[in-house]
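This structure is a prediction, so every number in the text was calculated from the model and none was measured.
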Amino acid sequence: MKIFQPSWVHHDEKSIFSIDIHPSGERFATGGQGCDSGRVVIWNMAPVLNEQAEANKSVPRILCQMDNHLACVNCVRWSGNGLMLASGGDDKLVMIWKKTISGSGGIGAFGGGGKSVEHWRCISTLRGHAGDVLDLAWSPQDRWIASCSVDNTIIIWDAQQFPKIIHVLKGHTGLVKGVTWDPVGKFIASQSDDRSLKVWKTTDWSCFKTITEPFEECGGTTHILRLSWSPDGQYLVSAHAMNGGGPTAQIIERDGWKCDKDFVGHRKAVTCVRFHNSILKRSAPKTNKLQQYCCLAVGARDRSLSIWLTALQRPLVVIHDLFQDSILDLSWSCDGYTLLACSGDGHIACLQFTAQELGTPLSEEDKNILYQRMYGKNANIDLTAQAEKEMIVENSDFLNVLKSNPVPPSLIPQQQQPQQPQLGAKKDESKQPSNSVAQMPMVIQSSSLTTPTPILKQIETKTADGKRRITPMFIPLNDDNGIASNATSNIPTTIEFGSKSSETMTPVETKQLASEEPNITLTSVEPTSKLDNRLKRIATVPPQKAEPLASVEQSTGSSSIQPASNQKLVERTRPPTYSTGKATVIQGNSFKAFGELRVQVQNNSVKTAYGTLCRVVGLIVNTQRIEKKIWETVVGSPVVCFAVGAKCAIICSQDHTIRMVDIKTGTPVFPVLSLTSPAVQSVFSSNSKLAAVVTESGILRIWHVVEKTVLLSINCAEVMSGSIKLDSWMLINSSDAVIRHGLIGNKANAPVRNIKAYPLSTIQSYGNFSGPKTNSFAEIHSASWQTSAAIAFIENQIKICEMITSPAELKYWYSMLGFQLALNGSEEKIRQVLDDLLGASHSLDTRMGDDNDPTVLGISKHVLMEDVLNHLKMQTKWQRIYTEYLDQLKFLKERDARDKPMVE
């Protein structure tokens, strides 16, 4: 553990009443007294954690300062997604701040003439309290924000429709000094000077439980009473309580709301408690059994700070006289190893821990299993269903949303679809099933009439109480199938205080488009003569096995070119050797890094009815080497090798395919390419502009990543001239589980076979695939992995359309991407797609690439953006994002319309 107090973090020697770390860990906010007003300051975290950054004058310390509050600021809190900052103060106001593109709202350092590095604007001022606002708390999923005040009330504000008030909680008879949300989403708790703690229900906002016994001896001696709920939802810990005449932090169990445990040891009243954001785990020292527990920081008026683990009977650490005045607020970083504390003396302290001291956080999968056992739901509580019922429509475009169901896009408009009579076929006018993950209404259909295919029909009725009853009409039975088994876990269902327990690609049969043409399943549309020449040249060179390249092998086995000095490649598992020139599947978890970014591969980690999937995860590592997931995708074949560059990662699979993805977003840079044999080595050049692979058959290919072209293709010392831009086949039909899931998604539509207008759909329509291997109708439609697989498939389709120059299909697949994101996408992914289409120069996303071309295949990106927005318009929960980006789009159109006459 390290403790340090950066002296340069201060409010002109005035008190700092609140501190909060941004979810990204890159910045933190403080609130308190300014020179003649309330002050909110956003600070850079890097100089706090890194001595070199602190000494470097080019690294800014203050990012923005806001002196808009008329009186002292008592609390600052970041929203869960990090897009907004809330501040509340003695001026009875709550202000909501949001980052803007250019300067408005923030001023220079300490009111001076300095220029702000970032610009934060007050987007809403919430007026409703009749007294000082003392504490704030965002709800799970940022659906609401609660504020408490000396007016004895708690106000629940609608975070989607500021400044709307959802409810005012009345019942306390004294100053309300603390508020916190149940992470499960069922309750909100408040603590007051009336010597009570109240638990309120979020369904009807009624008072569910009032607890007074631990607080009967308490007096109003603290400025705030910041209580906290444990991340597993099992324990609520209060601030100032008394036991036998001594100050404690009371532990209230969710099960029965029992109050028979507490944290003791402080000499004066406890002012604030803050749970670690994650459930932690580690092996017990003596038994090596898995322990799962929570971590809590406690601050008090005696100027001391204590850290507790619920698996231990005693505090992990106690720090006395950390400040010259009371500790007023605490904040954990999202990685869980940095704790910030602030004091009334105007200073802050930073405590850095290690994984050996605190343990490691549970993964999202383990946390979801734990929540399923405890509450029957996932850890990511979805409040959108209830929220949409109560949501007031702000935009007139959403008025008819509740009256219509989302309609998936079609490749050919209904009035233009050709009549294709089919022998013995009946027109199916039944409605599509309503699924948790939308099955993509592909225009692909098997050409085989003899192979029986599943008919995924269902009858949907509504019962008297409004619930839906779905009755399947036909469930396919497969003789050779096996139900995918879920991996079991040894995660305990509860966490006790003080307890010590705790595939190879198969060929696809296709019909020949003409009798004299070869059977082609993988293609990039080019003139026929070029395709013929290419096929002949490859046929004249028989594939040969490559000898081990001793001259380019490294001890790491991960690269054939020495990486640059700033490129650090690390393997978690021992890398495979290729003494025989054979591609070997990576065993276990493996990752490679470039700077602070790393890519992790987990082979055979997802069992599905379509096959086994490999999970590929993008991570960012902070200065304490703590990982945070920034994206995730799935691959339908085991990974044999991969490499990481400054901007991209190349992933090579056992089924001869390679994928190039953006290292910061996970979106594909190239479509999925198919080589003649699996890759045994992959590497980036030192400047990361070139990517190369060596295959089992001795072929070396080098691509220019930025220009998306091939530079070199060598086989047995013979240079092959590439007639195709990437000099590789693009994978469009395969038994890959991701592609099978996408192509079999919906077979209700007749296939579109027009090689000139719709080349991709035409070729894909000749595939013949069997259905998913499952007897369970529910498994086909409710698996959590399907959203990632569907988006990965659609993004690959978009890249194929770009390469084969098919603008009509490109527009269709962008529309399908919008449809899928509207139903099941995350806010981060939606913003990433819209920012990309809006253009790098207008986006707040600093991860944007260098592509400033306003069109794709001659289609304006803004037109594609409109298609995506039209699907978001069908879901009320996205109305704020829809309105935000629609306004930006209108502004750009108006600006372009004004500039056009001037140019002429």
Query raised in the report: Run the side chain to side chain donor-acceptor pair (under 3.5 Å) check on H240 and T271 step by step: do they pass?
Result: CA-CA 6 Å; H240 185 32; T271 56; over 6 Å; no

Taking [Y]'s backbone N and O only, do any of them form a donor-acceptor pair with [X]'s side chain (distance below 3.5 Å, no angle check)?
| X | Y | answer |
| --- | --- | --- |
| D194 | T173 | yes |
| D142 | N81 | yes |
| T125 | M95 | no |
| S230 | Q234 | yes |
| Q250 | K261 | yes |
| S149 | T153 | no |
| W229 | G233 | yes |
| R195 | C218 | yes |
| S343 | S326 | yes |
| Q33 | I16 | no |

Polar side chain donor-acceptor pair, [X] to [Y], under 3.5 angstrom:
| X | Y | result |
| --- | --- | --- |
| S87 | W97 | yes |
| S304 | R267 | no |
| N74 | D90 | yes |
| N243 | T248 | no |

Testing the basics here: between [X] and [Y], what is the closest heavy-atom pair and its distance to 0.1 Å?
| X | Y | answer |
| --- | --- | --- |
| P23 | C334 | O-SG, 3.1 Å |
| S333 | Y337 | OG-N, 3.7 Å |
| G299 | V270 | O-CG1, 3.5 Å |
| A189 | L227 | CB-CD1, 3.9 Å |
| A71 | D91 | CB-N, 3.8 Å |
| W308 | Q313 | CZ3-O, 4.0 Å |

To the nearest 0.5 Å, what is the distance between [atom1] ([X]) and [atom2] ([Y])?
| X | Y | atom1 | atom2 | result |
| --- | --- | --- | --- | --- |
| L85 | I123 | CG | CD1 | 10.5 Å |
| I42 | C64 | CD1 | SG | 5.5 Å |
| Q875 | N824 | CD | CG | 9.0 Å |
| I62 | E118 | CD1 | CD | 12.5 Å |
| L296 | T310 | CG | OG1 | 9.0 Å |

Query - H172 and S190: CA distance, side-chain angles, deciding distance, side chain to side chain donor-acceptor pair (under 3.5 Å) verdict - result: CA-CA 9 Å; H172 283 293; S190 58; 2.8 Å; yes

Report task. Run the numbers on R77 and S18 for side chain to side chain donor-acceptor pair (under 3.5 Å), then give the verdict. Result -> CA-CA 9 Å; R77 291 290 183 265; S18 185; 3.2 Å; yes

Query - Centroid separation F323 to H347 less than 6.0 Å - result: no

Requested in this report: Could you tell me if the ring centre of W200 sits under 6.0 Å from that of W144?
Outcome: no

Query raised in the report: With a 4.0 Å cut-off, would you call D20 and R274 a salt bridge?
Result: yes

Requested in this report: Taking only Lys NZ, Arg NE, NH1 and NH2, and the carboxylate oxygens of Asp or Glu, determine whether R39 and D12 approach each other closer than 4.0 Å.
Outcome: yes

Requested in this report: Starting from the C-alpha separation in whole Å, work towards a yes-or-no answer on side-chain contact (heavy atoms from CB on, under 4.5 Å) for K873 and W878.
Outcome: CA-CA 7 Å; K873 186 171 63 176; W878 302 126; over 6 Å; no

Report summary line: Residues pairing under side chain to side chain donor-acceptor pair (under 3.5 Å) where one sits in residues 207-222, two or more places apart or in two chains, turn out to be K198-T210

Query - Steps toward side-chain contact (heavy atoms from CB on, under 4.5 Å) verdict (I881, I830) - result: CA-CA 9 Å; I881 293 180; I830 291 174; 4.1 Å; yes

Query - Trace of the salt bridge (charged side-chain N to carboxylate O under 4.0 Å, His left out) decision for D151 with K92 - result: CA-CA 10 Å; D151 62 7; K92 311 174 187 179; over 6 Å; no

Query - Trace of the side chain to side chain donor-acceptor pair (under 3.5 Å) decision for T30 with W43 - result: CA-CA 8 Å; T30 57; W43 307 83; 2.8 Å; yes

Requested in this report: Determine, stepwise, if the pair K177 / D193 fulfils salt bridge (charged side-chain N to carboxylate O under 4.0 Å, His left out).
Outcome: CA-CA 7 Å; K177 295 184 174 180; D193 266 354; 2.7 Å; yes

Report task. Please determine which of W120, W78, F28 meets the ring pair (Phe, Tyr, Trp, His ring centres under 6.0 Å) test together with H22. Result -> W78

Report task. Let me see the working for D232 and K367 under salt bridge (charged side-chain N to carboxylate O under 4.0 Å, His left out), right down to the final yes or no. Result -> CA-CA 9 Å; D232 62 350; K367 189 176 180 181; over 6 Å; no

Requested in this report: Among D321, D325, D345, find the one that has a salt bridge (Lys or Arg N to Asp or Glu O under 4.0 Å) with R303.
Outcome: D321

Report task. Walk me through it: do I156 and I165 pass the test side-chain contact (heavy atoms from CB on, under 4.5 Å)? Result -> CA-CA 6 Å; I156 309 299; I165 295 177; over 6 Å; no

**Report entry** Sequence-distant partners of S147, side-chain contact (heavy atoms from CB on, under 4.5 Å), two or more places apart
**Finding:** V94, H129, V133, L136, I155, W157

Query raised in the report: For K201, which residues count as a side-chain contact (heavy atoms from CB on, under 4.5 Å) partner, sequence neighbours excluded?
Result: F187, T203, D204, S206, F208

Query - side-chain contact (heavy atoms from CB on, under 4.5 Å) evaluation trace for S37 with H69 - result: CA-CA 6 Å; S37 63; H69 277 280; 5.9 Å; no

